[in-house]
Number of protein chains: 2
Amino acid sequence: MTGISSIGEIARDTGTSVQTVRYYEARGLLPKPPRSDGGQRRYTDDHRTRLLFIRHAREMGFSLPDIAEMIDLSSVSGKPCEPVDRMARCQLAEVDRKIARLQALRSALSGMIERCDGEDVSSCRILETLGASSHPEDK
Amino acid sequence: MTGISSIGEIARDTGTSVQTVRYYEARGLLPKPPRSDGGQRRYTDDHRTRLLFIRHAREMGFSLPDIAEMIDLSSVSGKPCEPVDRMARCQLAEVDRKIARLQALRSALSGMIERCDGEDVSSCRILETLGASSHPEDK
DNA sequence: CTTGAAGCTACAATTGCTATAGGGATTAGG
DNA sequence: CCTAATCCCTATAGCAATTGTAGCTTCAAG
């Protein structure tokens, strides 16, 4: 198994779309693979490994520039992984901020919904809350 | 206070950028305001009210098309607010999904970080985790 | 009347893809 | 060997919701 594969195969194997694989190549995240006589991309296991790395990092929410930097850092061994650690912590902090914002949002939303009595729009608490400090009734 | 204001003024008042105000107008969310002799936009309190509504709804995470629909629904009174309620519940469910995804992400990230000993990249647990099922040491 | 801030339009860039058009390559079957 | 189905190719445009740019005009204060 594995070995040489077409773009459709590594895409399927890694849960990526074909266009996205080409997009990563264009962005310089995935090295340009050799081509068949007819000009089609032929991928090796190294490419698959790299692509999996990218996908996992994307699932962790890292941006493509961050991923590029991690790949770059990891390519020369012997360097300290402190920059990688810093990026991961930064990402964690970002995730924490997003969670906090969403939780505040969630409670505001559910409060709004609870107060809505389902009558008509002129008395809708949701619309009223969104309008805040102003009266929706004047046009 | 309030009354007639320039685009910069309502932008400042509502925590919006000037470009964004013009963008909402182009998208049809904000009605076209009258212009000064020189062609500059002159806003009334009605515009401010509308713009605040849009900003609050955006803070709640509603999309611009959703907001357009809510404005549309609320403009004719006497209609039931059930569609608004449905949109809000849908948005709440979406927020819940996002929170769940971010919490899973958070624990994966912090697990990764905890295992990292800060040595060099060749032994970095973060890079290893992202690479998963493959060995980063071969180039 | 001059100056500097603010406004105008139109268009490009952002992020990470996805979709489309208009072709060529590959492969399995007959 | 021929054909049909499926894949692949490049190039380009689109998405959401802004933000940024360039080059010009208008406004308000002194």
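A note on names: the letters A, B, ... follow the listed sequences, proteins ahead of strands, and every chain is numbered from 1.
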Whole-Å distance between [N] [atom2] and [X] [atom1]?
X       : N      : atom1 : atom2 : answer
A:Lys32 : D:dC8  : NZ    : P     : 18 Å
A:Glu25 : D:dC8  : CD    : P     : 14 Å
A:Gln19 : C:dT20 : CD    : P     : 10 Å
B:Glu59 : D:dA17 : CD    : C1'   : 15 Å
B:Ile4  : D:dC27 : CD1   : C1'   : 16 Å

Checklist entry - Can you name the residues that form a ring pair (Phe, Tyr, Trp, His ring centres under 6.0 Å) with A:Tyr43, not counting sequence neighbours? => result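 Applying ring pair (Phe, Tyr, Trp, His ring centres under 6.0 Å) to A:Tyr43 gives A:His47.
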
Is the shortest side-chain N to carboxylate O distance from [X] to [Y] below 4.0 Å?
X       : Y       : result
A:Arg12 : A:Glu9  : no
A:Asp46 : A:Arg50 : no
B:Arg86 : B:Glu82 : yes

Checklist entry - How about B:Ser6 and B:Arg42: does a side-chain donor come under 3.5 Å of a side-chain acceptor? => result no

Next on the checklist: Quick check: on DNA chain D, is the nucleotide nearest B:Arg55 upstream (toward 5') of the one nearest B:Asp37, or the reverse? Name the residue that is more 5'.
Outcome noted: B:Arg55

Checklist entry - If only side-chain N and O atoms of A:Thr20 are considered, is one of them under 4.0 Å from the OP1 or OP2 phosphate oxygen of C:dT18? => result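 Indeed, a polar side-chain atom of A:Thr20 lies that close.
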
Checklist entry - Does A:Arg41 CZ have over 12 foreign heavy atoms under 6.0 Å away? => result yes

Checklist entry - What is the per-nucleotide protein-contact pattern of nucleotides 7-16 of chain C, from the 5' end, where B denotes a base atom under 4.0 Å from a protein heavy atom, S denotes such proximity for sugar-phosphate atoms only, and - denotes neither? => result SSB------B

